[in-house]
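We name chains A, B, ... by the order of the sequence lines, and we start the count at 1 in each one.
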There are 2 protein chains.
Amino acid sequence: MEKKIASVAENATARRHSCEACPLRPLPVFRAFEPSELDFVSHFKRGELAVDRGATVLVEGSSSPHLYTVLSGWGFRFKLLSDGRRQILNYIVPGDLIGLQGSIMGEMQHSVEALSALVLCVFERDKLMQLYGRHPGLAYDITWLASREERMLDENLLSIGRRSAIERAAYLLAFIHERARTVGLATRSSTAIPITQQHVADTLGLSLVHTNKTLRKLIQRGMIEWRDGGCEIVDLGGLLKLSGWEGLDEGKRPLV
Amino acid sequence: MEKKIASVAENATARRHSCEACPLRPLPVFRAFEPSELDFVSHFKRGELAVDRGATVLVEGSSSPHLYTVLSGWGFRFKLLSDGRRQILNYIVPGDLIGLQGSIMGEMQHSVEALSALVLCVFERDKLMQLYGRHPGLAYDITWLASREERMLDENLLSIGRRSAIERAAYLLAFIHERARTVGLATRSSTAIPITQQHVADTLGLSLVHTNKTLRKLIQRGMIEWRDGGCEIVDLGGLLKLSGWEGLDEGKRPLV
DNA sequence: CGACGTGTTGAGTGTGATCAACATCTGTGG
DNA sequence: CCACAGATGTTGATCACACTCAACACGTCG
């Protein structure tokens with residue numbers, strides 16, 4: 001399959017949600033914003049980018065002039081070794097900020113791909129300094145989001161380094177499900193998590209075959225279901241117990 | 001061994017380096033600071049904390065009122081599973097900022113332990129908001145450092161998830177060596193990296209025995225030496241080639 | 001001296017990798 | 001409408017990398 005690379009010029013401003021009527025912001029997870037902050041963000045936003053399923057949003061090694069917040073859809077961050085081995089670093093759900101590393105440090109050190117159709121709010125990288133100068137609260141929020149990403153990576157590292165295959169799988173699916181739940185996705189009997197077993201394998205650091213056998217065990221234990229190219233969580237408690245994970249413990253968080 | 005927990009009240013201000021005469025700042029890796037920034041950091045700094053080798057600096061689950069920059073010495077961040085399995089997340093060398101996660105998000109999600117005697121600059125968590133308000137440049141720097149940590153974690157995750165044991169070991173040792181080199185540690189025939197094979201094992205996600213056998217291969221290939229409780233890098237190029245790692249690619253960076 | 005931390009090595013085991021084949025389902029072109 | 005290719009999931013057989021258990025060497029420190 002030919003992979004498309006999303007470009008702003010191409011697809012931008014197909015639709016335009018005003019920040020004042022942001023569909024995400026009303027969710028209970030997100031902290032309330034000052035009107036002045038909302039106003040700034042509104043000007044900070046340059047447009048929207050619609051990305052097809054399977055398309056690459058950001059490429060390792062490139063330096064994107066943009067910063068994005070996910071408005072809707074699923075995606076993932078990953079890195080490749082030179083021989084093609086792939087490691088998925090984290091998943092991306094609505095409300096997540098992507099491309100910060102590239103904006104701050106100049107060059108992307110990982111790639112981002114869309115798991116489903118994706119709509120992104122596009123921000124100008126150049127205005128980021130302005131944000132830091134005029135809105136310390138928002139600047140703090142961005143650091144907050146970077147710290148949160150770091151925390152999730154710590155958890156993933158712990159999981160891959162020290163958990164067994166079945167524990168890892170249980171942790172991963174519980175983790176993704178929890179993240180999705182907080183932003184209104186993957187509610188009971190709504191949409192499944194749109195990943196293939198290859199994605200799971202590349203996240204857990206396991207082979208595809210062994211991932212399949214491991215997931216089969218979770219299915220047999222009645223913890224998950226796998227259907228039409230996705231995973232449905234049936235028994236979250238069971239997954240948490242099996243993995244020994246405490247679950248996400250986040251209060252309100254910022255949305256930029 | 002009884003593990004000590006470092007506390008500021010106990011050891012603070014044993015010595016006091018003025019920020020104006022900071023021994024780290026002159027190093028070529030660090031970017032130049034505005035006098036006003038230097039002045040603020042100087043007031044931001046509350047004192048120094050001397051930590052013994054093996055002592056715990058920060059504990060998972062606690063919420064420290066401080067933020068630290070490492071002035072000298074080595075340490076590492078880690079997480080534990082409930083049954084005691086340990087995963088080392090990253091190593092800490094002079095110039096690194098630690099405790100940011102706790103300062104920003106309220107509670108530490110990982111612990112920090114000293115690998116060698118450690119001297120830390122202590123900053124007040126409460127003044128962090130002030131920093132964001134008055135010095136956007138420094139605020140940006142802190143986000144920069146958070147992004148950098150994220151980048152290192154991405155690399156580690158790729159390594160643990162997708163590299164073989166010997167590749168992982170080669171990558172890890174090259175990585176630590178490079179980080180140390182940029183801040184003037186571990187120069188040729190100076191100090192070795194002060195880690196045990198247990199640390200390496202807990203970083204790579206391998207057992208102690210298998211780590212030993214893997215390191216032995218690196219020794220036999222003449223890439224490293226292991227002596228008096230530490231690792232000496234002999235053939236950096238060989239390690240880089242074996243692991244397929246590009247090496248650190250950092251320009252100037254901030255020091256807060 | 002003995003206890004402990006650290007490193008080393010061998011033997012046997014097992015988790016997870018690799019190879020291979022096949023079942024579905026989808027979309028595509030003849 | 002069918003044939004075919006490609007993506008995805010499934011299963012069995014075999015192999016190997018890494019784990020566990022066990023023992024021992026060597027240092028330091030009380």
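Salt-bridge annotation for B:D96 and B:R179: present, with a side-chain N of the basic residue lying under 4.0 Å from a carboxylate O of the acidic one. A salt bridge is absent between B:E150 and A:R148; no separation between the charged side-chain nitrogens and carboxylate oxygens falls under 4.0 Å.
Each of A:I195 and B:A165 has a nearest nucleotide on DNA chain D; the 5'-most of these lies closest to A:I195.
Between A:Q197 and the phosphate of D:dA7, there is no side-chain N or O to OP1/OP2 separation shorter than 4.0 Å.
Between the CZ atom of B:R163 and the C1' atom of C:dG16 there is a distance of 20 Å, rounded to whole Å. Computed from coordinates, the A:Q198 CD to C:dA17 P distance equals 12 Å when rounded to whole Å. The CZ-C1' distance, from B:R168 to D:dC17, rounds to 10 Å in whole Å. Taking atom NE2 of B:H199 as the reference point, atom P of C:dG5 lies 13 Å away to the nearest angstrom. Here the P atom of nucleotide D:dC26 and the CG atom of B:D228 are 17 Å apart, to the nearest Å.
The stretch residues 202-227 of chain B touches DNA chain D through B:G205, B:L206, B:S207, B:V209, B:H210, each having a heavy atom under 4.0 angstrom from the strand.
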Let me see the working for B:R85 and A:E167 under salt bridge (charged side-chain N to carboxylate O under 4.0 Å, His left out), right down to the final yes or no.
CA-CA 13 Å; B:R85 282 175 284 181; A:E167 289 170 340; 3.1 Å; yes

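Tested against A:V200, the residues A:I176, A:T211, A:I193 include a single side-chain contact (heavy atoms from CB on, under 4.5 Å) partner, A:T211.
Closest of all the heavy-atom pairs between A:T203 and A:I160 is O-CD1, 3.1 Å.
Because its NZ or CZ atom is both nearer than 6.0 Å to the ring centre of A:Y171 and within 45° of the ring axis, A:R163 counts as a cation-pi partner of that residue.
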